[in-house]
Amino acid sequence: MNNSKVRVRFAPSPTGPLHMGGVRTALFNYLFAKKLGGEFILRIEDTDQTRFVPGAEEYIIESLNWCGLNPVEGPGIGGEFGPYRQSERKEIYKKYADQLVESGWAYIAFDTPEEIENLRKKAESNKETFSYGIGTRENLNNSLKLSSKEVQQKTEAGENYVIRFKMPEDLDVTEEDLIRGQVTFNTTKSLDDKVLFKSDGMPTYHLANVVDDHLMKITHVIRGEEWLPSMPLHVLLYRALGWEETRPRFAHLPLILKPVGKGKLSKRDGDKMGFPVFPLKWNDPETGESFHGYREDGYFPEAFINLLALLGWNPGTEQEFFSVDELSEIFSLERVVKSGSRFDPEKAKWFNKHYFQQKSVEDLTQLFKPILKEKGVVATDEKIQKVVAEIKERCEFVNDLWDQSSYFFESPKEYDAQTVKKRWKEDTGAQLDEITTVFDSVSTWKADSIKESFSAFMNEKGWGFGAIMNPLRLCLVGGNMGPDLFLICEILGKEETISRIKTAIEKIAKL
RNA sequence: GGCCCGUUCGUCUAGCGGUUAGGACGCCAGAUUUUCAUUCUGGUAGCAGGGGUUCGAUUCCCCUACGGGCUACCA
């Protein structure tokens with residue numbers, strides 16, 4: 001096989017947004033290439049004109065970009081093996097299809113889709129499955145049955161035809177999958193005569209894929225498990241085209257499964273369970289539907305990549321946090337798991353939390369500012385930074401910052417009913433009123449000194465801390481959450497603190 | 001239905017003939033925090049079933065069950 005420089009490709013089709021399984025495939029390709037000092041390229045497989053979705057290609061490229069998985073060759077990037085969009089390589093494929101017909105590895109078939117559909121239905125009514133191939137092809141409308149003269153007449157008359165692979169009979173095709181080991185398929189038992197070239201002048205995936213991988217000098221095909229059944233076809237195609245010596249090796253990745261229920265992860269699972277399935281937000285141009293994205297939901301790309309890497313792969317050590325660079329050092333296909341893995345949204349959050357906590361207060365402040373602006377909050381960077389420093393450890397997403405800190409920027413709109421019921425006693429209002437006087441007399445408005453004055457007063461009165469601290473917190477934040485109370489006072493400022501207490505006493509009395 | 005792939009705590013996984021079956025997420029408990037959260041400590045829970053092979057099987061082989069994928073002029 002191939003001893004030259006490692007070259008791998010990620011080859012999505014632009015039929016919609018790339019989902020996280022696709023990103024993982026791209027990631028593993030990328031890591032494999034990096035590890036071996038090879039090249040990672042992007043190729044757009046848009047041979048099905050009927051399924052083209054506007055914006056999908058841009059989405060794919062932007063997603064890879066957000067994840068930092070940048071190809072060295074691809075559409076919009078260029079490279080010596082371009083173009084990298086199969087629709088732009090259309091002319092290339094026909095030649096190879098014809099070559100296969102000439103060499104007897106393929107044949108021309110005139111059967112219309114309707115005819116085949118009928119055969120399929122008929123077989124189905126007999127509880128059988130129709131398959132175009134060994135056993136049936138000799139009796140169908142193709143160049144195997146027709147005389148060459150008839151074939152010529154039909155093609156010259158402009159009749160539509162496809163080119164099908166002529167699957168050799170009873171041949172065991174054995175291939176060493178880099179993840180699964182030896183896999184064997186018997187041609188008669190499991191393979192039919194796949195269409196290689198469609199009547200619309202475009203190749204199918206199978207032909208285009210093999211031709212392009214060869215032309216682009218791809219050394220390793222790393223793709224999803226859904227392609228495993230077509231591996232023997234591809235192997236045979238390389239053989240038929242005479243490219244066996246240089247053909248790539250295969251590795252089939254396990255699939256990502258739904259968190260609960262049956263089957264592989266799909267588009268709508270996310271909205272059902274409240275997690276994104278796509279890297280970026282996607283608005284479907286046809287249905288108008290909107291899907292969540294990791295980016296917009298506040299995940300950091302580092303976290304997204306990290307969680308993806310550990311879904312179906314592990315380093316063999318107990319380390320769980322990895323940068324892309326680290327992964328590039330230690331990634332290997334041997335450590336890819338064979339079975340499909342259920343996606344766990346909880347663990348995904350945990351990964352993000354880790355990266356969130358790694359961020360500096362300064363960085364988080366910058367990320368928080370646009371959110372505050374959106375909320376109509378005006379505050380100095382100094383205050384925002386102070387707040388962020390206090391609440392950082394309670395958050396796992398940038399979006400949590402507001403939920404954990406809104407009371408620093410606006411006074412409570414309501415008071416948590418449960419806390420009121422539990423903590424607000426008959427004389428609480430009067431006691432808190434006295435506290436405002438104490439606060440008013442604090443000269444240096446710093447957490448320490450506020451606490452000092454407060455404690456002295458409490459001791460003098462002989463009041464229980466618990467009986468005052470909790471309702472006091474209620475007045476200032478509206479509930480029983482938040483960091484140290486005196487720090488909150490400090491950040492709020494003396495005036496605001498006192499005013500909030502007074503407002504609360506009034507409002508709660510009315511409840 | 002046919003073909004192929006797979007099966008270790010609820011989930012992600014380590015294990016590559018002899019281990020008290022390890023870690024992580026989640027969950028539970030305790031400690032700290034005069035709140036809540038964080039943090040720390042501890043706990044809970046697993047080799048799908050049945051046959052072989054072997055002195056010995058989670059580990060190797062076979063069968064069954066279950067799960068997954070494919071079975072288009074879609075990728």
Side-chain angles (χ1 to χ4, degrees), chain A residues 11-16 45-48 50-51 86 109 111-113 116-117 120 124 127-132 160-164 177 179-181 183-186 189-192 194-206 208-209 223-232 252 254-255 257 259-260 262-264 307 310-320 335 337-351 353 357 391-396 400 404 416 419 422-423 458 464-474 477 479-485:
Chain A
S13 63
T15 54
E45 310 227 326
D46 54 351
T47 52
D48 185 358
T50 64
R51 294 212 306 160
Q86 288 183 329
D111 319 81
T112 64
I116 290 174
E117 186 54 29
R120 219 160 250 141
E124 210 173 302
K127 289 192 172 170
E128 283 165 7
T129 317
F130 170 76
S131 137
Y132 201 121
N160 275 346
Y161 67 88
V162 299
I163 295 174
R164 283 180 183 272
D177 182 277
I179 291 167
R180 275 144 227 286
V183 183
T184 302
F185 297 83
N186 180 276
K189 259 200 310 199
S190 57
L191 272 7
D192 60 352
K194 280 277 177 281
V195 171
L196 299 177
F197 201 83
K198 301 185 270 190
S199 58
D200 67 357
M202 284 293 245
T204 59
Y205 170 82
H206 304 292
N209 183 262
R223 73 229 300 193
E225 194 183 3
E226 69 268 28
W227 293 110
L228 189 54
S230 47
M231 180 168 69
H252 291 91
L255 267 19
L257 274 22
V260 294
K262 291 183 163 197
K264 61 175 172 178
L307 73 91
L310 264 72
L311 245 195
W313 174 87
N314 72 79
T317 66
E318 281 174 3
Q319 187 178 346
E320 298 218 71
R335 294 209 68 89
V337 175
K338 294 183 183 70
S339 52
S341 18
R342 277 186 192 281
F343 174 63
D344 181 1
E346 288 304 320
K347 194 144 188 179
K349 286 185 192 168
W350 175 75
F351 273 110
K353 180 179 163 187
Q357 295 304 328
I391 59 159
K392 178 184 168 184
E393 66 187 19
R394 333 167 83 85
C395 301
E396 47 191 11
D400 293 340
Q404 293 295 335
D416 180 63
T419 315
K422 195 174 164 197
R423 309 286 192 188
M458 291 293 283
F465 276 70
I468 300 298
M469 296 282 277
N470 288 304
L472 183 53
R473 177 178 293 276
L474 183 68
V477 315
N480 64 341
M481 38 142 35
D484 179 75
L485 196 50

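Please read these numbers as outputs of a predicted model, since none were measured by experiment. Throughout, protein chains are lettered first and strands after them, A, B, ... in sequence-line order, and every chain is numbered starting at 1. Note that these values count all heavy atoms, side chains included, but never hydrogens, waters or copies made by symmetry.
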Encode nucleotides 30-37 of chain B as B, S and - characters from 5' to 3', where the letter depends on protein heavy atoms closer than 4.0 Å: B to the base, S only to sugar-phosphate, - to neither.
----BBBB
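- Pairing for B:rC27 is with B:rG43, a Watson-Crick or G-U wobble pair whose two hydrogen-bonding atom distances lie under 3.5 Å.
- Among the heavy atoms of the strands, none lies under 4.0 Å from A:Gly224.
- Between A:Asn314 and A:Val337, some side-chain heavy-atom pair lies under the 4.5 Å cut-off.
- Taking the C1' atom of each, B:rC66 and B:rG49 are spaced 10 Å apart, rounded to whole Å.
- Contact check for A:Lys392 versus A:Gln404: no side-chain heavy atoms found under the 4.5 Å cut-off.
- Listed by chain and residue number, nothing satisfies the ring pair (Phe, Tyr, Trp, His ring centres under 6.0 Å) test with A:Phe197 (two or more places apart in sequence, or in another chain).
- A:Arg223 has its side chain within reach of A:His252: a pair of non-hydrogen atoms, C-beta onward, lies under 4.5 Å apart.
- Across the strands present, B:rG67 finds its partner in B:rC5; the criterion is a Watson-Crick or G-U wobble pair with both atom distances under 3.5 angstrom.
- Contacts of A:Lys353 with the nucleic acid, taken as non-hydrogen atoms under 4.0 Å apart, involve only primed sugar atoms and P, OP1 or OP2.
- By the 4.5 Å heavy-atom criterion applied to side chains, A:Glu225 and A:Arg180 are counted as neighbours.
- Contact check, A:Lys262 against B:rG67: a side-chain N or O comes under 4.0 Å of OP1 or OP2.
- One interatomic measurement links the two molecules: CD1 of A:Ile179 to P of B:rC16, which rounds to 21 Å at whole-angstrom precision.
- Taking the side chain as every heavy atom from C-beta outward, A:Leu485 and A:Leu472 approach each other to under 4.5 Å.
- Within 4.0 Å (heavy atoms only), A:Thr184 reaches sugar-phosphate atoms of the nucleic acid but no base atom.
- Applying the salt bridge (charged side-chain N to carboxylate O under 4.0 Å, His left out) criterion to A:Lys198, with sequence neighbours excluded, gives no partner residue.
- The side chain of A:Val183 approaches B:rC4 more closely than any other nucleotide in the set B:rC4, B:rG26, B:rG6.
- With both ends at atom P, the span from B:rG43 to B:rC3 equals 49 Å, rounded to whole Å.
- We find that CG of A:Leu228 is positioned 16 Å from C1' of B:rG2, with the value rounded to whole Å.
- One interatomic measurement links the two molecules: CG of A:Asp177 to P of B:rG69, which rounds to 18 Å at whole-angstrom precision.
- Under the Watson-Crick or G-U wobble criterion, with both distances below 3.5 Å, B:rA75 has no partner in any strand shown.
- Between A:Arg180 and A:Leu310, the one whose closest nucleotide on RNA chain B sits nearer the 5' end is A:Arg180.
- As rounded to the nearest Å, B:rG67 and B:rA75 have C1' atoms that lie 24 Å from one another.
- Relative to the side chain of A:Ser339, the nucleotides B:rC4, B:rG6, B:rG23 differ in distance, and B:rG6 lies closest.
- Between A:Trp227 and A:Tyr205, the ring-plane angle classifies as parallel under the 30° and 60° cut-offs.
- Between A:Asn314 and B:rU13 there is no side-chain polar atom (N or O) within less than 4.0 angstrom of OP1 or OP2.
- Two residues are said to be in side-chain contact when any heavy atoms from C-beta on lie closer than 4.5 Å; A:Ser13 and A:Asp48 fail this criterion.
- Remark: the separation of the P atoms in B:rA24 and B:rU19 is 23 Å, to the nearest Å.
- Only the P atoms considered, B:rC28 is 43 Å distant from B:rU64, to the nearest whole Å.
- When the C1' atom is compared between B:rA31 and B:rC9, the two are found 26 Å apart, to the nearest whole Å.
- Between A:Phe343 and A:Leu311, the closest heavy-atom pair is CD1-CD1, 3.8 Å.
- Of the residues near RNA chain B, A:Gly316 and A:Lys347, the one whose nearest nucleotide (by heavy atom distance) lies more toward the 5' end is A:Gly316.
- With a cut-off of 3.5 Å on both Watson-Crick or G-U wobble distances, the partner of B:rA14 is given as none.
- Under the Watson-Crick or G-U wobble criterion, with both distances below 3.5 Å, B:rU38 is left unpaired in every strand shown.
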For nucleotides 19-22 of chain B, tabulate all protein N/O to nucleotide N/O atom pairs closer than 3.5 Å, reporting atom names and distance.
unit_1	atom_1	unit_2	atom_2	d
B:rG22	O2'	A:Glu318	OE2	3.2

Heavy-atom protein contacts under 4.0 Å, nucleotides 70-75 of chain B, coded B base, S sugar-phosphate only, - none
S-SBBB
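- Between A:Arg342 atom CZ and B:rC12 atom P the separation is 7 Å, expressed in whole Å.
- Residues A:Met231 and A:Val183 are in side-chain contact: their nearest non-hydrogen atoms beyond the backbone lie under 4.5 Å apart.
- The CD-C1' distance, from A:Glu346 to B:rC25, rounds to 8 Å in whole Å.
- When the C1' atom is compared between B:rA48 and B:rA65, the two are found 8 Å apart, to the nearest whole Å.
- Look at CE on A:Met231: it is 13 Å from C1' on B:rC3, rounded to the nearest Å.
- The separation between A:Trp350 atom CH2 and B:rU38 atom P is 15 Å, rounded to whole Å.
- Of all non-hydrogen atoms in A:Val195 and A:Thr204, the two that sit nearest each other are O-OG1, 2.8 Å.
- For the pair A:Glu320 CD and B:rA14 P, the interatomic distance rounds to 12 Å; values are reported in whole Å.
- Using C1' as the reference atom, B:rU59 and B:rG2 are 32 Å apart when rounded to the nearest Å.
- Proximity of A:Pro483 to A:Arg394: side-chain heavy atoms (C-beta onward) are separated by under 4.5 Å at one or more points.
- For A:Arg342, the side chain to side chain contact (heavy atoms under 4.5 Å, CB included) partners are A:Leu257, not counting sequence neighbours.
- Base pairing analysis places B:rA21 opposite nothing; no Watson-Crick or G-U wobble pair with both distances below 3.5 Å involves it.
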